[in-house]
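Structure record follows, encoded as structure tokens.
Keep in mind the model is a prediction, meaning the values are calculated, not measured. Throughout, protein chains are lettered first and strands after them, A, B, ... in sequence-line order, and every chain is numbered starting at 1.
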Protein chains: 2
Amino acid sequence: MTGIFPDGYILGMKTIFQALAEPNRLQIVELLRTGPLGVGEIAERLSMSQPQTSKHLKVLSEAGLLQMEAAANRRIYRLSAGSFQELEAWASSFRRDWEQRMDRLDDYLSRLQDGK
Amino acid sequence: MTGIFPDGYILGMKTIFQALAEPNRLQIVELLRTGPLGVGEIAERLSMSQPQTSKHLKVLSEAGLLQMEAAANRRIYRLSAGSFQELEAWASSFRRDWEQRMDRLDDYLSRLQDGK
DNA sequence: GAATAGGTTTCCTTGACAGGTATATTCCCT
DNA sequence: AGGGAATATACCTGTCAAGGAAACCTATTC
């Protein structure tokens with residue numbers, strides 16, 4: 001524990017954020033929205049070198065954002081739902097926080113109005 | 001343009017991800033879930049130095065994740081909804097992608113079954 | 001079974017960024 | 001005005017990760 005929050009949670013998120021924080025990787029993710037692709041195609045479409053692409057794909061895969069399927073010589077990468085769901089859950093939890101606060105505020109205000 | 005996607009979009013997301021990719025900053029965000037806090041309190045609760053904390057708060061603020069309110073000597077930081085909503089929208093857009101794909105697959109399968 | 005195509009890994013260099021310490025700034029109090 | 005509290009900034013240093021070039025794997029084709 002480095003702090004007062006469960007580390008596993010923080011660490012998983014950290015890995016996801018780190019992976020997505022690099023612009024080329026973010027573009028890979030956006031590109032793969034359109035469907036699975038091989039390494040060479042990704043590299044070409046994004047004007048990246050092939051080793052560079054390979055390394056980025058590795059990082060994204062290790063963060064659980066991508067999954068790979070070996071087809072003979074080629075490796076086909078596609079988006080993997082898990083981490084995106086985690087991300088959405090995390091982000092939406094803040095909205096819930098705020099909504100709760102709003103509810104409490106509403107309660108407070110209506111109690112005021114009722115003269116209690 | 002570094003690629004084939006609108007840069008503003010990618011860049012905004014990149015800034016958010018970069019900000020959240022640092023564990024201490026992620027912990028600050030989690031801590032601020034519980035409510036607004038001053039710099040000193042944040043530093044103390046997370047066992048960070050004050051300058052360190054200040055710098056992290058700056059990064060988070062510039063990413064739109066925090067907003068600051070000056071109260072005399074003190075600066076009170078609180079979570080700011082905007083970037084979290086952006087994040088949630090982004091993450092959930094992938095889910096929509098997949099759901100659409102499932103729909104198309106369903107269509108396809110039922111057409112198969114109908115012998116068309 | 002060489003040559004080739006598609007990918008991965010290694011090594012090196014360089015730039016970005018986090019942490020520490022010291023210094024500046026702003027506000028409050030007396 | 002002077003002193004102290006709360007925060008921000010500057011500067012320096014060390015670490016880590018991204019990019020490039022080359023070497024390495026593995027499957028395919030002739």
Query raised in the report: Between B:Q18 and B:T15, is there a donor-acceptor pair closer than 3.5 Å when you use the side chain of the first and the backbone of the second?
Result: no
Report task. Respond yes when some side-chain nitrogen or oxygen of B:R74 is under 4.0 Å from OP1 or OP2 of D:dT7, and no when none is. Result -> yes
Report task. Go through A:V29 and B:F94 one step at a time and tell me if the side-chain contact (heavy atoms from CB on, under 4.5 Å) criterion holds. Result -> CA-CA 10 Å; A:V29 168; B:F94 288 91; 3.6 Å; yes
Query raised in the report: OP1 or OP2 of D:dG19 less than 4.0 angstrom from a side-chain nitrogen or oxygen of A:H56, does that happen here?
Result: yes
Report task. Please confirm whether the backbone N or O of B:A19 pairs with a side-chain atom of B:R25, one donor and one acceptor, at under 3.5 Å? Result -> yes
Requested in this report: Mind checking B:Q50 for me? I need base, sugar-phosphate or nothing, with any heavy atom below 4.0 Å counting as a touch.
Outcome: base
Query raised in the report: Taking 5' to 3' order, which nucleotide of DNA chain C is first and which is last to have an atom within less than 4.0 Å of a heavy atom in chain A?
Result: C:dA5 to C:dT10
Query raised in the report: For A:Y77 and A:L60, what are the C-alpha separation, side-chain angles and deciding distance, and is it a side-chain contact (heavy atoms from CB on, under 4.5 Å)?
Result: CA-CA 10 Å; A:Y77 286 87; A:L60 288 167; over 6 Å; no
Report task. Find the distance B:I76:CD1 to D:dT7:C1' and express it as a whole number of Å. Result -> 11 Å
Query raised in the report: So, does A:R78 use its side chain to make a donor-acceptor pair with the main chain of A:Q67 at under 3.5 Å?
Result: no
Query raised in the report: Can A:M13 and B:L26 be said to form a side-chain contact (heavy atoms from CB on, under 4.5 Å), step by step?
Result: CA-CA 9 Å; A:M13 283 298 160; B:L26 199 45; 3.8 Å; yes
**Report entry** Criterion side-chain contact (heavy atoms from CB on, under 4.5 Å) on A:S80 and A:L66, from CA distance to verdict
**Finding:** CA-CA 5 Å; A:S80 169; A:L66 263 44; 5.5 Å; no
Query raised in the report: Starting at CD of A:Q27 and ending at C1' of D:dA18, how long is that distance when rounded to a whole Å?
Result: 15 Å
**Report entry** Separation of atom CD in B:E22 from atom P in D:dA17, rounded to whole Å
**Finding:** 12 Å
Query raised in the report: Are B:Y77 and D:dA6 close enough that a side-chain N or O sits under 4.0 Å from OP1 or OP2?
Result: no
Report task. For A:L26 and D:dA18, give me the distance from atom CG to atom P, rounded to whole Å. Result -> 13 Å
Report summary line: Separation between CG (B:L31) and CG (B:L37), nearest 0.5 Å, reads 5.0 Å
Query raised in the report: Within this structure, what is the CZ-to-C1' distance between A:R25 and D:dA18, rounded to whole angstrom?
Result: 8 Å
Report task. State, without any angle test, whether A:S93 and B:R33 hold a side-chain donor-acceptor pair at a distance under 3.5 Å. Result -> yes
Report summary line: In 5'-to-3' order, the base (B), backbone-only (S) or no-contact (-) status of each nucleotide in nucleotides 24-30 of chain D, using a 4.0 angstrom heavy-atom cut-off, is --BSS--
**Report entry** Rounded (10°) bend between the five-pair end axes of the helix from C:dG1-D:dC30 to C:dT30-D:dA1
**Finding:** 20°
Query raised in the report: Which whole-number value in Å describes the distance from A:K55 NZ to D:dA17 P?
Result: 13 Å
Query raised in the report: Going by distance alone, is a donor N or O of one side chain under 3.5 Å from an acceptor N or O of the other, for A:Q85 and B:W98?
Result: no
Query raised in the report: Roughly, in whole Å, what's the span from CD in B:Q18 to P in D:dA17?
Result: 13 Å
Query - Exam field: side chain A:Q52 to backbone A:S49, donor-acceptor pair closer than 3.5 Å - result: yes
Query raised in the report: Could you give the distance from CG (A:N24) to CD1 (A:I42), rounded to the nearest 0.5 Å?
Result: 12.0 Å
Report summary line: Here the distance between atom P of D:dA8 and atom CG of B:L66, to the nearest Å, is 11 Å
